[in-house]
Amino acid sequence: MSQDFPLGKARNIGIIAHIDAGKTTVTERILFRTGSTYKVGGVDDGTAVMDWMSQERERGITITSAAITCPWKGHRINIIDTPGHVDFTAEVERSLRVLDGGVVVFDGVAGVEAQSENVWRQADRYHVARICYVNKMDRVGADFYRTMSMIESRLHAKALPLYLPVGSESAFRGVIDLLENKILVFPEELDAPATEEPLSGEYLLSADKYRQSLVEKLAEDDEQIMEMYVNETDISPEQIRAAIRRLTISGKITPVLCGSALKGKGTRMLLDAIVEYLPSPLDLPPVRATDVRGEKEILIEADDSEPFSALVFKAVSDPFMGKLSYLRVYSGKARAGEQVLNCNTGRKERLGKLYLMHSNHREEVDEINTGSIVATLGLKGTVTGDTLSCPKHPVMFESIRFPDPVLSMAVEPKKKVDRDKADDVLIKLAAEDPTFKIYNNQETGQTLISGMGELHLEVMVERMRREFGVEVNVGKPQVAYKEAITVPVDVEGRFIRQSGGRGQYGHVMIKMEPGERGSGFHFANKVRGGAIPKEYISPVETGVKEALADGGMAGCPVVDVNVTLYDGSFHEVDSSDFAFKMAGVMAVRKGLGKARPVILEPIMKMEIVVPNQFLGEVIGDLNARRGIMSGVEAHDEFQVVRCLVPIAETFGFAGELRSISQGRATYVMQFSSYEQLPSNLMEELITGKRKG
């Protein structure tokens with residue numbers, strides 16, 4: 001596709017939702033409707049363009065976010081289809097970081113589900129403007145008005161329906177257009193336009209009621225509509241659309257549409273809403289950045305004439321092409337072969353070939369400009385979250401925050417000759433996915449991989465086999481426990497060595513205090529009067545971090561702790577970086593023994609949909625797994641159970657749930673928080689670690 005689109009005609013959007021809500025099907029219909037594909041791809045039959053990985057097609061789920069570009073009514077729409085499964089939340093996080101707008105897809109039967117809430121919060125964090133699409137309106141049990149109510153009550157959004165369904169379930173045949181006061185009837189043929197019918201009877205009454213409500217909601221937040229509403233002036237559809245656009249971009253309202261993506265019903269309306277209501281890069285305020293020292297704020301204007309700046313939001317290791325880096329360009333232009341500065345590393349890099357992405361297919365372009373989402377080859381020292389800029393005008397964008405892994409397992413190559421190759425592959429996969437970590441256990445010699453859940457790790461092991469030809473044996477999944485201190489302590493660390501020549505001298509005094517749960521690690525330097533020279537402060541912090549990472553009584557990383565260095569002493573000859581680093585290590589080790597540490601375990605938020613007759617057995621099983629119920633919601637012949645369960649107790653739950661419910665119950669879970677492990681289990685864990 002040509003890059004010569006006006007910036008005001010560009011839309012960078014994501015399709016986001018709970019698993020199985022129909023994100024990929026919505027995207028496939030958009031591609032077909034815009035002429036980007038010549039036939040409709042399907043998730044169920046493994047022909048979806050956006051699910052290009054073999055594992056995605058086999059499992060029927062999206063694993064990695066895929067980018068594609070398509071045209072609609074003179075606009076260029078860059079679309080990222082994101083995963084719905086919680087194990088791949090990093091893909092959603094990094095996509096939302098660089099998008100301007102989003103289409104949130106809801107299952108018309110299930111309504112707002114657990115992962116829907118999670119992706120909504122992620123979109124809130126990055127101030128992404130949204131429209132909602134209630135999908136599967138032709139399924140048994142679909143309820144548009146219930147879903148609308150859930151969007152308002154559970155997501156705390158001001159939902160604004162632009163269309164109302166005509167008919168329900170198998171009788172769903174069209175929608176009421178509230179802006180134009182007419183009925184649009186969907187044809188059976190996928191590519192045929194909707195036909196119009198006049199409003200009458202109950203449909204006319206319903207349209208009047210909801211159109212009045214629509215105008216009132218707009219008047220609450222838009223001065224122009226408010227003035228016309230108070231003066232009882234006629235408000236045209238064009239004036240309403242302009243107000244909807246203003247309020248959607250500002251995040252004050254969320255337009256809601258409905259349809260059936262599988263049948264192609266409502267796709268044209270959705271495309272029109274994307275270009276009419278979601279923002280272009282020009283509609284958004286300047287992007288905040290800083291200078292490379294992080295001291296001065298710089299506002300980046302979306303303009304081709306500005307110096308080049310871009311954020312790397314994804315890196316992919318292609319077995320044939322090498323490393324492919326995805327960029328969102330926030331200002332300026334750049335050509336293939338041009339030199340840019342990686343502001344995070346301070347190193348200059350040369351842009352390789354530049355590509356517009358069409359899922360796993362690429363279209364080479366000579367130049368990239370403001371608002372583009374593109375990929376490039378050749379950035380060897382650049383990772384996810386790095387900022388690229390014009391060397392003469394360096395800036396730093398805020399990096400992307402990712403959750404910590406909650407599950408680990410040991411891996412070992414089946415063939416000894418593959419050991420070095422396996423290490424290289426794991427490093428490549430970890431560079432792609434910031435929630436996938438690798439650790440080498442020095443005591444056992446094992447390689448541990450950590451991720452967001454069993455499916456996440458299973459997919460990574462399968463990728464090693466399929467994409468890189470490395471087969472591995474895997475151990476039983478292990479929970480990523482952590483430790484935290486419970487009382488503040490003051491401790492002293494001394495590292496003093498004399499061995500004939502120059503010795504080693506490092507002496508520190510620190511205070512360790514428990515932080516709030518989830519606050520992480522904070523280090524403060526309160527040394528006064530030059531008791532410790534400035535050049536030794538950083539080594540002390542390094543030593544403190546290393547000691548906390550090594551763990552306390554159970555060997556688990558210590559988190560949520562505030563460390564203050566407030567005094568110490570040095571020797572003019574014998575002091576060194578190493579000595580002060582070791583003094584920091586020794587102080588922390590001493591402090592952990594006095595600070596009454598506890599072990600924290602990851603807790604998962606779980607949502608189970610179970611037929612009524614199996615509810616008691618499922619709740620009984622959850623209670624046995626130390627589950628804490630947070631609510632049970634009735635929905636026809638099903639019950640939705642919400643609870644918190646320690647991840648250590650979830651192993652084997654999928655099989656047990658199938659057994660209890662005769663295969664009819666389903667569940668999803670996502671990470672909630674770290675909470676203290678009960679004392680009896682704490683003792684068992686420590687004893688087991690010591691024996692191991």
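Because only heavy atoms are used, hydrogens play no part in the values below, and waters and symmetry mates are left out as well, while side chains stay in.
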- Task: Flag the pair Tyr145 / Tyr210 as yes when their ring centroid distance falls below 6.0 Å, and as no otherwise.
- Result: yes
The reported gap from OG1 in Thr27 to CD1 in Ile15 (rounded to nearest 0.5 angstrom) is 4.5 Å
Please examine the side chains of Gln639 and Phe614, heavy atoms only from C-beta on, and report whether any two atoms are closer than 4.5 Å.
no
- Query: Taking NZ, NE, NH1 and NH2 as the nitrogens, is one of them in Arg642 or Glu607 under 4.0 Å from a carboxylate oxygen of the other?
  - Reply: yes
So OG of Ser168 and CE of Met137: to nearest 0.5 Å the spacing works out to 7.5 Å
Answer yes or no: is there a side-chain heavy-atom contact under 4.5 Å between Ile274 and Ile30?
-> yes
>> Does any part of the side chain of Asp433, heavy atoms only, come nearer than 4.5 Å to the side chain of Met460, both counted from C-beta?
In response: yes
query = Between the side chain of Ser206 and the main-chain N/O of Glu202, is any donor-acceptor distance below 3.5 Å?
reply = no
Quiz prompt | Pairing of Lys428 and Glu467 as salt bridge, 4.0 angstrom limit | solution = no
Take Arg130 and Asp124, measure what side-chain contact (heavy atoms from CB on, under 4.5 Å) needs, and give me the verdict at the end. CA-CA 10 Å; Arg130 276 147 281 177; Asp124 279 342; 2.9 Å; yes
Within the side chain of Thr486, is there an N or O that forms a donor-acceptor pair under 3.5 Å with the backbone of Arg596?
yes
SG of Cys132 to CH2 of Trp120, rounded to nearest 0.5 Å, is 4.0 Å
Tightest non-hydrogen contact, residues Thr147 and Asp107, listed as OG1-O, 4.2 Å
| message | Does this structure show an ion pair linking Arg625 with Glu656, if we count only N-O contacts that are shorter than 4.0 Å? | response | no
Would you say the side chain of Phe436 lies within less than 4.5 Å of the side chain of Val459, judging by non-hydrogen atoms?
no
Under 3.5 Å: donor-acceptor pair, side chain of Arg29, backbone of Ala261: yes
Rounded to the nearest 0.5 angstrom, the CG-CG distance for Leu644 and Leu622 is 11.0 Å
Could you check whether any side-chain N or O of Lys23 sits under 3.5 Å from a backbone N or O of Val103, counting only pairs where one atom can act as donor and the other as acceptor? no
The reported gap from CG in Leu262 to CG in Asn135 (rounded to nearest 0.5 angstrom) is 8.5 Å
Residues Val109 and Arg139: closest non-hydrogen pair is CG2-CB, 3.8 Å
**Prompt:** Could you go step by step and tell me if Ser213 and Lys217 meet the side-chain contact (heavy atoms from CB on, under 4.5 Å) rule?
**Reply:** CA-CA 6 Å; Ser213 173; Lys217 285 184 177 180; 4.1 Å; yes
Notebook entry, point to check: Is a side-chain donor or acceptor of Glu169 paired with a backbone partner of Gly141 at a separation under 3.5 angstrom?
Noted result: yes
| query | So, Glu633 and Arg146, do they make that salt bridge, N to O below 4.0 Å? | reply | yes
When every non-hydrogen atom of Leu164 is compared with those of Cys258, the smallest separation belongs to C-SG, 4.4 Å
Here the pair of heavy atoms bringing Met409 nearest to Gly475 is CB-O, 3.8 Å
message = Taking the side chain as everything from C-beta on, heavy atoms only, tell me whether Pro646 gets closer than 4.5 Å to Ile603.
response = yes
The reported gap from CG in Leu429 to NZ in Lys437 (rounded to nearest 0.5 angstrom) is 13.5 Å
For Val166 and Val175 the tightest heavy-atom approach is CG2-C, 3.6 Å
>> Is any side-chain heavy atom of Thr650 closer than 4.5 Å to one of Ile647?
In response: yes
Backbone of Cys556 reached by a side-chain donor or acceptor of Glu483 within 3.5 Å: yes
task = Could you tell me whether Asp138 and Lys265 have a side-chain N and a carboxylate O separated by less than 4.0 Å?
result = no
- Report yes if some heavy atom in the side chain of Arg626 is under 4.5 Å from a heavy atom in the side chain of Pro678; otherwise report no. yes
Would you check, one step at a time, whether the test side-chain contact (heavy atoms from CB on, under 4.5 Å) holds for Phe653 with Asp621? CA-CA 9 Å; Phe653 179 71; Asp621 184 73; 3.4 Å; yes
Side chains of Val559 and Tyr674: does their closest heavy-atom pair fall under 4.5 Å? no
Between Ala648 and Tyr481 the two heavy atoms that sit nearest each other are CB-OH, 3.8 Å
Lys158 atom NZ: more than 12 heavy-atom contacts under 6.0 Å: yes
Just by modelled atom types, is the Leu99 backbone N or O under 3.5 Å from a matching donor or acceptor in the Asn12 side chain?
no
* Does the distance from a Lys or Arg side-chain N to an Asp or Glu carboxylate O, for Lys482 and Asp560, drop under 4.0 Å? -> no
